[in-house]
Amino acid sequence: MLSTPFTELVGCSVPIQLAGMGGVAVPRLALAVAEAGGLGMISSALMSPPELARTLDQLRERTSKPIGVNVVVALHDPRELVEAAASRARVVEFFLGTPERSLVELVHKGGALACWQVGSKEDTLAAAEAGCDLIVVQGSAAGGHVEGRTSLLSLLDEVLDEVRVPIIAAGGIGSGRSMAAALAAGASAVRVGTRFAAAEEADIHPLYVQKLIEARAKDTVLTEAFHVMLPNMPHRVLRSCVEAATAFQGEITGELVMNGKKMPLPRWAVPCPTRETTGAIEAMVLYAGESTSMVKSVQPAATILEELAQGAERHLRQWATRLGATGAR
């Protein structure tokens, strides 16, 4: 039941994409998601093109399943990263930038599928016009940086009849029921971030994980508070980290370790705390979508994916049965 245009195009067995979260979507997590049947994604944040190439080469030695790369356009000129990724990854995905045909063509030149994450009908149409093979449509319930300003289902209603490429639904997907709802609405896949942030293979600090487990949707807030390195970009986080950062005395909250690099972490900085990060963890950015209500414990990524996929299939089957019974009457 879960075979879709997304799975057929990408080569997955399950229509789930790991969100390419900086500091979270590390190779180990991407590998686990890919091996379980989804599209594993790695973040290219703080990576040089040679580092990205080496990482992808190492992943290709360990799996033949599809792996993708997330590239944040707003951080830097992405062309060298794209060149390194396109010949080694199945999907190159762009975020926080206006869809651009030249970047899409660069991805295609390398042999990969091009994807763009957007938050509006206008940008969805622009991504399709630019030649993207896949488009991630992000609703306002998403964690991390958020381009969507409306609910996911409202945005899907606006765009699904307007473009022909597979649409990946993002924002607030944390259960089999919410995944089924997105697929039933017409999406070809779902993009999941917050649930996988609490995966055993994710690289986030244990205190951050505990905060996700304890939080509910009402404990998240859409804000622009964490602006250092990436200003004026709305993001959904746990309300507690905004309060802790506001109360923090000082300009450096601790030391970040990401992709083998160490750096002082200014208060209100964009990177989230990884396992090796030290300092005032509670005052660092703790990204969380409204699906944090579905984070109950630390689980292997394969278990999370299986729960989502089996739950979605079960709900879709139940809904079809109910509708069939109603129609029979």
Side-chain angles (χ1 to χ4, degrees), residues 2 4-6 15-21 70 93-99 115-128 132 134-197 212 215-226 232-239 242 286-295 304 308-309 311-312 315-316 318-319 323:
L2 294 182
T4 72
F6 170 87
I16 293 177
Q17 179 199 32
L18 168 67
M21 305 166 283
N70 177 267
E93 173 191 88
F94 300 101
F95 185 43
L96 297 182
T98 302
C115 181
W116 215 291
Q117 184 175 189
V118 299
S120 68
K121 177 180 178 179
E122 291 74 21
D123 281 347
T124 302
L125 296 177
C132 287
L134 302 158
I135 302 173
V136 177
V137 171
Q138 184 194 54
S140 58
H145 288 91
V146 182
E147 290 202 313
R149 298 294 179 270
T150 59
S151 71
L152 175 58
L153 288 179
S154 295
L155 189 52
L156 288 174
D157 270 343
E158 288 189 42
V159 305
L160 282 169
D161 290 334
E162 301 295 329
V163 297
R164 296 183 179 277
V165 301
I167 295 293
I168 305 166
I173 307 293
S175 67
R177 179 178 282 106
S178 56
M179 177 177 171
L183 294 177
S188 286
V190 296
R191 177 183 170 92
V192 178
T194 303
R195 280 293 305 272
F196 284 123
L212 289 175
R216 296 296 175 262
K218 64 182 179 61
D219 299 318
T220 71
V221 60
L222 192 61
T223 178
E224 293 185 9
F226 289 89
N232 307 123
M233 291 291 183
H235 40 272
R236 186 172 294 280
V237 300
L238 295 177
R239 183 179 285 103
V242 179
L286 305 180
Y287 298 115
E290 291 186 357
S291 61
T292 191
S293 298
M294 297 295 104
V295 179
I304 295 170
L308 290 168
H315 285 295
L316 289 169
Q318 289 172 350
W319 296 344
L323 287 171

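Bear in mind that the values here come from a model prediction, so they are computed numbers and not experimental data. For reference, positions follow the sequence shown, starting with 1.
For the atom pair OG1 of T194 and CE of M21, the computed distance is 7.5 Å after rounding to the nearest 0.5 Å. If you take CG on L160 and CG on L155, they are separated by 8.5 Å, rounding to the nearest 0.5 Å. Note that CD1 of I173 and CD1 of I16 are 10.0 Å apart. Values are rounded to the nearest 0.5 Å. Distance check, rounded to the nearest 0.5 Å: CG of L125 to CD of E158 gives 9.5 Å. Of the inter-residue distances, the one linking I135 atom CD1 with R164 atom CZ reads 13.0 Å to the nearest 0.5 angstrom. Here the straight-line distance linking atom OG1 of T220 with atom CD of E290 works out to 5.0 Å at 0.5 Å rounding.
The backbone N or O of T150 lies less than 3.5 Å from a partner atom in the side chain of S140, making a donor-acceptor pair. Judged by distance alone, with hydrogens and angles left aside, the side-chain atoms of R239 form no donor-acceptor pair with the main-chain N or O of V237 at under 3.5 Å. A distance-only check finds no donor-acceptor pair linking the side chain of S291 to the backbone of M294 [under 3.5 Å]. Side chain of R236 to main chain of G289: no donor-acceptor pair is present (N/O by atom type, distance under 3.5 Å, no hydrogens or angles). In this structure a side-chain-to-backbone donor-acceptor pair under 3.5 Å is missing from Q117 to F95.
Looking only at side-chain heavy atoms (C-beta outward), H235 and V146 stay at 4.5 Å or farther from each other. Inter-residue side-chain proximity for F226 and V242 is flagged as met; some heavy-atom pair is nearer than 4.5 Å.
The minimum heavy-atom distance between L308 and M179, with the atom names listed, is O-SD, 3.7 Å. Here the shortest heavy-atom pairing between A189 and L183 reads N-CD2, 3.9 Å. C115 and C132 get closest at one heavy-atom pair: C-SG, 4.3 Å. Minimum heavy-atom separation, S188 to T4: O-OG1, 2.7 Å. For A312 against A180, the heavy-atom pair with the smallest separation is O-CB, 3.7 Å. Residue A187 comes nearest to A169 through the heavy atom pair CB-CB, 3.8 Å, listed as atom of the first residue, atom of the second, then distance.
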Set out, in order, the CA-CA distance, both residues' side-chain angles and the distance that settles side chain to side chain contact (heavy atoms under 4.5 Å, CB included) for W116 and T124, then state yes or no. CA-CA 8 Å; W116 215 291; T124 302; over 6 Å; no

Might you work through the side chain to side chain contact (heavy atoms under 4.5 Å, CB included) test for D219 and T292, ending with a clear yes or no? CA-CA 9 Å; D219 299 318; T292 191; 5.9 Å; no

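H145 and Y287 have tilted rings, their planes meeting at an angle from 30° to 60° on a 0 to 90° scale.
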